[in-house]
Structures are given as C-alpha cells and as structure tokens.
2 protein chains.
Amino acid sequence: MKLSAKVEYGVRAMAVLAIYYQSGPLPLREIAEQEIISLKFLEQIFPDLRRAGLVHSTRGSRGGYMLSRPPSEIRVGDIVRAVEGPITPVDCLSEINSSDCCHRKSNCLTRQVWEKLRDRINDVLDEVSLNELVEIKPVESLS
Amino acid sequence: MKLSAKVEYGVRAMAVLAIYYQSGPLPLREIAEQEIISLKFLEQIFPDLRRAGLVHSTRGSRGGYMLSRPPSEIRVGDIVRAVEGPITPVDCLSEINSSDCCHRKSNCLTRQVWEKLRDRINDVLDEVSLNELVEIKPVESLS
DNA sequence: CAATACCCGAGCATTTTTGTCGGGATTGAA
DNA sequence: TTCAATCCCGACAAAAATGCTCGGGTATTG
C-alpha cells in the first residue's frame, strides 16, 4: 500500500511549478536542484504529466515546464493517476482482469471492500488541489 | 498503490474462517483447496494473523485455525495491518524515517496529503468487519 | 553554431514479491 | 505405540517491480 517514488517526486515537482506559476517555463534542472531529485529521473516522470495535459513544455534554450492550468484546477489525484495509472488496490479491479476474477465465491465477497477502498482513495486525493498544497496554512490555535 | 497478494489471500482466508465460525478448527489445507491458494503460502501468512491475535491455532491431528473473536469484532483493517504492517503511503510517514524527511520544504507541504490519505485508508478498512463481508447482501432494487 | 533544454528508449542493480522446499514439533486416533 | 494430520520454521529461488543511470537524439534560442 505504498505510492512509488515517481509519484512522490511528481507531486513535489508539481508543487514547485505551482509556486512559480506564471513566471514562465521552469527547467527541470531547477526543480531537480531544489528538490534534490535526479534530473534524469525527473525527465522520465514529466512526459507522463505532459501526456495527461497537466503541464506544458517548451523546448530549447530558456525552455522548461509550466502548469497548463491554474494550481487551483489541478488536484493531487490528477498527478497520481497521471504517473501511476488508475488506482487499483487489487488486480481484480482492473478492467483487463475483471472478467475472470470471480471464480471463488470469496472473491466476490471481498471485492466490495476493494472497490470502496479504491473510491475513497481517489476521493481524498481529489480533495486537495495544488494551490491548497502550496499556500501557507494558518496555525491551528486550538485542536 | 496496490495491496500484496498476501493481504488479498489473507482476507479471503479469514472470510472462509468467518463462514465456518464455531465449527471447530479448520485446517489450512481446507482453505487452500476452497480458495485455490498454495498451502505453503498460506502457512506463511497465518503466523502473522496469529501473532496479531486474530486467529487461534490448534496443532496436531484434527487441528487447524479458528477466529479468536466473533466475525463482527474483526475488521478488514486488522487483517491488512497484521499481514502488511502499518499503512504508510510514503516512507516519510513511517516512524523510522520521519526524523529526516523534511529537509526540502516541499516535503512538508506534501506530507499533509499523505497523512490524510493514510488516515482515510485506515478508516475505510476499519469500517468493514468480517461478518459484513460474509453476510448475504440484499439485491439493490433501484440505484 | 553553440548552448540549453526537452525527448526517447535501453540497460541495470537492487529490492520486493511470491512463492517452493525440506524438514521438525505436536497432537489425536487407530 | 504407531501413524497420519497439522501447525511451525527457516532457507532458498524465480520473477517482477523499483529506482534509477546512460547515451544519445531533437527542437529552440541567442
């Protein structure tokens, strides 16, 4: 039940892009330095984000990446799904294998839990947008 | 964001034990046959469940496993945590590594999401108990 | 043209997963 | 008392996934 390093780095990188929103394209080298992430690894992650339409890339000198939408319109869930693919707690829930997963009665019994789990995970990840992540939180006075 | 096969098998095996609750100890061989799971692999999973106090084992001939509590008092979350350990979406949240994970500012920013995610996952897994899993659901007439 | 970036895919070492294998200890029953 | 069933334990191994690295390409700017 772990997220991959790619996802973690992806979200952190997108948080940086959110901070520099509307400052023109930011090169990956910059993000790599700030976040101490391998540049080559970041280069592997960003095509996924681009294909998902979350960032826009500019090639060549003075190029880089920028968010393709305001931070308020990008949810953490968008990033996670872009980098890792759809959330599937068990293989049985992926559309490819769903046809032949209910041989055993207990599979059908447990399936409802995994579906609920998947939906809730997506919910909580979609509740938080990039701007909420980046904006300074007020200190909670009393809990 | 996947659960391991161990967890999936563990929950299915516990569902079988729930069905046979109060029928005396059920040998792993029986569960293995019903669920088409390798006996030897099940033997690897059940010590975890026993150490977590979820099942009671009887050794020797006519031995086997039985739930140590009524199915209503065993939650899916108990099983998952027994087999996989505590839910930690990112390593930064495990107590071992938590001390040195906030060098980068963005780590602290993203941390709140992962904490929320962890809590919600535990919540949804703890909402469902074994008897809810096993009891026949009424067909939904209209959705 | 030279420097700066993004872009692409192959390779690769490590770790994790998913089991297998062989046996030992314990018990109930014939 | 013997035997078969069962849990118990640890080592090992194959396969998959992870987390990168490497070596180039290609577009763009100054």
Side-chain angles (χ1 to χ4, degrees), chain A residues 1-13 17 20 23-33 35-52 54-68 80 83-85 88-91 94 97, chain B residues 1-13 17 20 23-33 35-52 54-68 80 83-85 88-92 94 96-97:
Chain A
M1 222 43 195
K2 275 212 195 334
L3 291 164
S4 64
K6 280 178 82 167
V7 161
E8 202 191 325
Y9 294 167
V11 173
R12 274 165 55 194
L17 281 185
Y20 288 86
S23 307
L26 192 68
L28 286 189
R29 180 187 40 76
E30 192 72 29
I31 301 176
E33 281 171 11
E35 293 294 324
I36 316 185
I37 299 172
S38 152
L39 173 61
K40 281 297 193 179
F41 199 29
L42 270 185
E43 283 183 341
Q44 257 184 334
I45 297 169
F46 267 77
D48 292 332
L49 298 170
R50 187 174 49 82
R51 276 189 286 269
L54 301 180
V55 295
H56 175 255
S57 67
T58 311
R59 296 174 68 154
S61 183
R62 301 284 177 146
Y65 285 95
M66 53 194 306
L67 299 184
S68 58
V80 173
V83 175
E84 280 217 325
T88 54
V90 303
D91 287 336
S94 75
N97 308 359
Chain B
M1 223 44 196
K2 277 211 196 329
L3 291 163
S4 65
K6 279 178 83 168
V7 161
E8 202 190 325
Y9 295 166
V11 174
R12 274 164 57 194
L17 281 185
Y20 288 86
S23 307
L26 191 68
L28 285 189
R29 179 185 43 74
E30 191 73 29
I31 300 175
E33 282 171 12
E35 294 294 324
I36 316 185
I37 298 171
S38 152
L39 172 61
K40 280 299 191 179
F41 199 28
L42 271 185
E43 283 183 340
Q44 252 184 336
I45 297 170
F46 267 76
D48 292 333
L49 297 170
R50 186 174 51 82
R51 277 189 285 269
L54 302 180
V55 296
H56 174 256
S57 67
T58 312
R59 296 173 67 155
S61 183
R62 301 286 175 146
Y65 285 96
M66 52 194 306
L67 299 184
S68 57
V80 173
V83 175
E84 280 216 324
T88 53
V90 303
D91 287 336
C92 179
S94 75
I96 303 164
N97 308 359

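In the text below, chain A, chain B and the rest are named by the order of the sequence lines, each starting its count at 1.
With sequence neighbours left out, A:E30 forms a salt bridge (Lys or Arg N to Asp or Glu O under 4.0 Å) with no residue at all.
Side chain of A:T88 to backbone of A:D91: no donor-acceptor contact under 3.5 angstrom is found.
Between B:H56 atom NE2 and D:dT6 atom P there is a gap of 17 Å when expressed in whole angstrom units. Atom P of nucleotide D:dC7 and atom CG of B:D48 are separated by 15 Å, given to the nearest angstrom. With rounding to whole Å, A:R51 atom CZ is found 12 Å from C:dG9 atom C1'. Between A:F46 atom CZ and C:dC8 atom P the separation is 15 Å, expressed in whole Å. Note: CG (A:L26) to C1' (C:dA5) measures 12 Å, nearest angstrom. Atom NZ in A:K2 sits roughly 15 Å away from atom P in C:dT15 (whole-Å rounding). What separates CD of B:E8 from P of C:dT17 is a distance of 14 Å, to the nearest Å. Distance B:L17 CG to D:dC7 C1': 14 Å, rounded to the nearest Å.
Rounded to the nearest 0.5 angstrom, B:Y9 OH and B:I31 CD1 are separated by 14.5 Å. A distance of 12.0 Å separates NZ in A:K2 from CG in B:L3, rounded to the nearest 0.5 Å. For the atom pair CZ (B:R50) and OG (B:S68), the distance works out to 11.5 Å, reported to the nearest 0.5 Å. From B:K6, atom NZ reaches atom CD of B:E84 across 9.0 Å, with rounding to the nearest 0.5 Å.
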Item to check | Contact state string [nucleotides 22-30 of chain C, B base, S sugar-phosphate only, - no protein heavy atom under 4.0 Å] | outcome: BB-BBBS--

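Residue contacts for B:Y65: at a heavy-atom cut-off of 4.0 Å it reaches the sugar-phosphate backbone alone, with no base atom in range.
In this structure, A:R12 and A:I37 have side chains that are in contact, with non-hydrogen atoms separated by less than 4.5 Å.
Results of the side chain to side chain contact (heavy atoms under 4.5 Å, CB included) test with A:L67 over A:V55, A:L49, A:L54 single out A:V55 as the only residue that passes.
Between B:S38 and C:dT18 there is no side-chain N or O to OP1 or OP2 distance below 4.0 Å. For the OP1/OP2 pair of C:dC6 and a distance below 4.0 Å, the side-chain nitrogens and oxygens of A:R50 include no atom meeting the criterion. At C:dA3, none of the side-chain N or O atoms of A:R29 fall inside 4.0 Å of OP1 or OP2 (strictly under the cut-off).
The minimum heavy-atom distance linking B:P25 with B:R62 is given by the pair CG-O, 3.8 Å.
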Scan nucleotides 13-19 of chain D against the protein and return all N/O pairs shorter than 3.5 Å with their distances rounded to 0.1 Å.
{"from": "D:dG19", "atom 1": "OP2", "to": "A:A5", "atom 2": "N", "distance (Å)": "3.1"}

